[in-house]
Amino acid sequence: MRLLTNMLNDTNKPNRCEINLQSLNKNKIAICRCWKSKKFPYCDGSHNQYNEDNNDSLGPAIIKIEE
Ligand code: FES
């Protein structure tokens, strides 16, 4: 992963990032959309607690690479 900027938002996470999927050697990744993940930009399941606390239904963006 290569960060494009060191600017952080109010959750102390980078505003933008670039991920080289080929370097991860995976065909599927889950990107956090709730800003609560401790593995940001990847989803770690923290959205479940966020949803419970906020009566919301957020989940990750799933990106699949088909060959
Ligand atoms: Fe943020 Fe899963 S932890 S979407």
Side-chain angles (χ1 to χ4, degrees):
M1 178 179 73
R2 181 175 67 113
L3 296 179
L4 295 176
T5 177
N6 59 2
M7 292 177 57
L8 302 178
N9 64 23
D10 59 356
T11 61
N12 212 29
K13 304 287 194 303
N15 284 329
R16 298 187 317 168
C17 63
E18 179 179 299
I19 300 169
N20 182 332
L21 297 175
Q22 289 178 322
S23 71
L24 293 175
N25 204 21
K26 294 182 178 181
N27 59 7
K28 179 179 163 185
I29 60 172
I31 302 296
C32 176
R33 294 191 313 132
C34 74
W35 298 97
K36 303 299 180 190
S37 176
K38 292 175 178 58
K39 296 180 178 179
F40 193 87
Y42 306 106
C43 173
D44 69 353
S46 295
H47 61 269
N48 293 312
Q49 186 65 53
Y50 172 84
N51 287 336
E52 196 173 308
D53 294 345
N54 296 283
N55 194 29
D56 208 338
S57 58
L58 271 176
I62 306 295
I63 299 174
K64 293 180 184 176
I65 301 172
E66 296 183 11
E67 298 187 30

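Every number for a ligand or one of its atoms is a count from 1 in the order of the listing. Computed over heavy atoms, backbone and side chain alike; hydrogens, waters and symmetry mates excluded.
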Discussion item. Please work out, at 4.0 Å between heavy atoms, whether the side chain, the backbone, both, or neither of Asp44 comes within that distance of ligand 1.
Written reply: both

Worksheet item: Minimum heavy-atom separation for Asn51 to Ser57, with atom names?
Response: OD1-N, 3.4 Å

Worksheet item: Which of the atoms of ligand 1 are close to Ser37, meaning less than 4.0 Å from one of its heavy atoms?
Response: 3 (S)

Worksheet item: Considering only protein heavy atoms, which is closest to atom 2 (Fe) of ligand 1, and at what distance to one decimal place?
Response: His47 ND1, 2.2 Å

Discussion item. If the cut-off is 2.8 Å, does any N/O/S atom of Cys43 fall short of it from atom 2 (Fe) of ligand 1?
Written reply: yes

Fill in: Taking every non-hydrogen atom, the tightest pair across Lys38 and Asp44
N-OD2, 2.9 Å

Discussion item. Nearest 0.5 angstrom please: Lys36 NZ to Asp53 CG, how far?
Written reply: 9.0 Å

Worksheet item: With atom 1 (Fe) of ligand 1 at the apex, how many degrees lie between SG of Cys34 and SG of Cys32, rounded to 10 degrees?
Response: 100°

Worksheet item: Which pair of heavy atoms, one from His47 and one from Gly59, lies closest together, and at what distance?
Response: CD2-CA, 4.1 Å

Discussion item. Restricting to non-hydrogen atoms, name the atom on Ser37 and the atom on Cys43 that form the minimum distance, rounded to 0.1 Å.
Written reply: OG-C, 4.0 Å

Worksheet item: Hey, which atoms in ligand 1 end up nearer than 4.0 Å to a heavy atom of Pro60?
Response: 4 (S)

Worksheet item: Which atoms form the tightest heavy-atom contact between Leu58 and Arg33, and what is the distance?
Response: CD2-NH2, 3.7 Å

Worksheet item: What atoms in ligand 1 come closer than 4.0 Å to a heavy atom of Arg33?
Response: 1 (Fe), 4 (S)

